[in-house]
Amino acid sequence: MAQDPHHPQAEQPPHDQVARGAVAIITNDRGELLLHLRDDIRGISWPGYWSVLGGGTDPGENAAETIRRELWEEAGLAADDLQELFEVHDRDGSGQLITFFAGTWNGDETTLPLAEGVKLAFTAPETLEGLKIPPYIRTGIERHLSGDR
């Protein structure tokens, strides 16, 4: 019997076949968030948007391995206190199921060796409203700031 294409489960591949990724909400002791201005080029998800550091999971990686690798590759950042938070689906961009992590870092973001994107900037939460941020990242940041796990 054919499955109804309008049934919610018909739209979702099995959990182990869903493309996955991981991102990190990095804050400093002032409560600012480390944001990443993405390149404005064709072919990437969310070009020219402010986001948080992270990326897609490579074959055989779990989410924790992914975020540690991505932080190091993108910004030379090693965050040892990462805590897994929750998952948010990037339905409008990459289609990935994204695992969010939180951690702290109190260095000077302008000294990080940025390998992807335009720049990194610590940003006060009250200024986020005026920034162009992907919906799933905004959702994750809001959930984290509200204490929702």
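What's counted below: heavy atoms across the whole structure, side chains too, no hydrogens, waters or symmetry copies.
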Worksheet item: Would you call Asn28 and Glu109 a side-chain contact if the rule is heavy atoms closer than 4.5 Å?
Response: no

Discussion item. Is it the case that the side chain of Thr123 and the backbone of Ala121 share a donor-acceptor pair, with hydrogens and angles ignored and the cut-off at 3.5 Å?
Written reply: yes

Fill in: Interatomic distance, Leu82 atom CG to Arg68 atom CZ [nearest 0.5 angstrom]
6.0 Å

Worksheet item: Ile137 versus Tyr49: any side-chain heavy-atom pair under 4.5 Å?
Response: no

Practice prompt. Can you measure from CG (Leu145) to CZ (Arg143) and round to the nearest 0.5 angstrom?
Written response: 12.5 Å

Discussion item. Just verifying a value: how many Å separate Ile67 CD1 and Ile98 CD1, rounded to the nearest 0.5 Å?
Written reply: 9.5 Å

Item to complete: With the side chain counted from C-beta on, respond yes when Leu53 and Ile26 share a heavy-atom pair under 4.5 Å apart, and no when they do not.
Response: no

Item to complete: Could you grab the distance from atom OG of Ser51 to atom CD1 of Ile141, nearest 0.5 Å is fine?
Response: 7.5 Å

Worksheet item: Taking all atoms of both residues into account, what is the closest heavy-atom pair of Ser45 and Gly93, and its distance?
Response: OG-C, 3.9 Å

Worksheet item: Transitively linked via ILVMFWY side-chain contacts under 4.5 Å: Ile25 with Leu131?
Response: yes

Worksheet, complete the sentence: Smallest heavy-atom separation, Leu37 atom then Gly48 atom, equals CD1-O, 3.8 Å

Worksheet item: Got a second to check how far Arg20's CZ is from Glu61's CD, nearest 0.5 Å?
Response: 12.0 Å

Discussion item. Counting only heavy atoms from other residues, nucleotides and ligands, does the tally under 6.0 Å from CD of Glu129 exceed 12?
Written reply: no

Worksheet item: Using a distance-only test with no angle check, is there a side-chain donor-acceptor pair under 3.5 angstrom linking Thr66 and Thr57?
Response: yes

Worksheet, complete the sentence: Between Ala22 and Phe101, the two heavy atoms sitting closest are CB-CE1, 4.0 Å

Discussion item. Within a 6.0 Å radius of atom CD on Glu65, are there more than 12 heavy atoms belonging to other residues, nucleotides or ligands?
Written reply: yes

Item to complete: Taking Asp81 for its side chain and Thr104 for its backbone only, find out whether a donor-acceptor pair lies under 3.5 Å.
Response: yes

Practice prompt. Kindly indicate whether the side chain of Leu33, heavy atoms from C-beta on, has any atom under 4.5 Å from the side chain of Val52.
Written response: no

Worksheet item: If Ile, Leu, Val, Met, Phe, Trp and Tyr residues are connected whenever their side-chain heavy atoms lie under 4.5 Å apart, and connections chain through other members, are Phe122 and Leu77 in the same group?
Response: yes

Worksheet item: Does one hydrophobic cluster hold both Trp46 and Val23, with members joined at side-chain heavy-atom distances below 4.5 Å?
Response: yes

Worksheet item: Should the pair Phe100 and Tyr136 be assigned to parallel (<30°), tilted (30 to 60°) or perpendicular (>60°) ring geometry?
Response: perpendicular

Discussion item. Would you compute the distance between atom CG of Leu97 and atom CZ of Arg91 and round it to the nearest 0.5 angstrom?
Written reply: 8.5 Å

Discussion item. Which heavy atom of Gln96 sits nearest to which heavy atom of Gly21, and what is that distance?
Written reply: OE1-CA, 4.1 Å

Worksheet item: Judged by atom type as modelled, is there a donor-acceptor pair below 3.5 Å linking the side chain of His89 to the main-chain atoms of Gly95?
Response: yes

Worksheet item: Does some side-chain heavy atom of Ile44 sit less than 4.5 Å from a side-chain heavy atom of Arg38?
Response: yes

Discussion item. Using modelled atom types and a 3.5 Å cut-off, is there a donor and acceptor pairing between side-chain atoms of His36 and backbone atoms of Leu114?
Written reply: no

Discussion item. Are more than 12 heavy atoms, taken from residues, nucleotides or ligands other than Lys119, located less than 6.0 Å from that residue's NZ atom?
Written reply: no

Worksheet entry | Sub-4.5 Å side-chain heavy-atom contact between Leu34 and Leu120 | yes

Worksheet item: Are any of the side-chain heavy atoms of Leu35 and Leu128 separated by less than 4.5 Å?
Response: yes

Discussion item. If I compare all heavy atoms of Pro113 with all of Gly76, which pair ends up nearest, and what's the gap?
Written reply: CG-CA, 4.0 Å

Discussion item. Could you tell me if the side chain of Asp40 sits less than 4.5 Å from the side chain of Pro47, heavy atoms only?
Written reply: yes

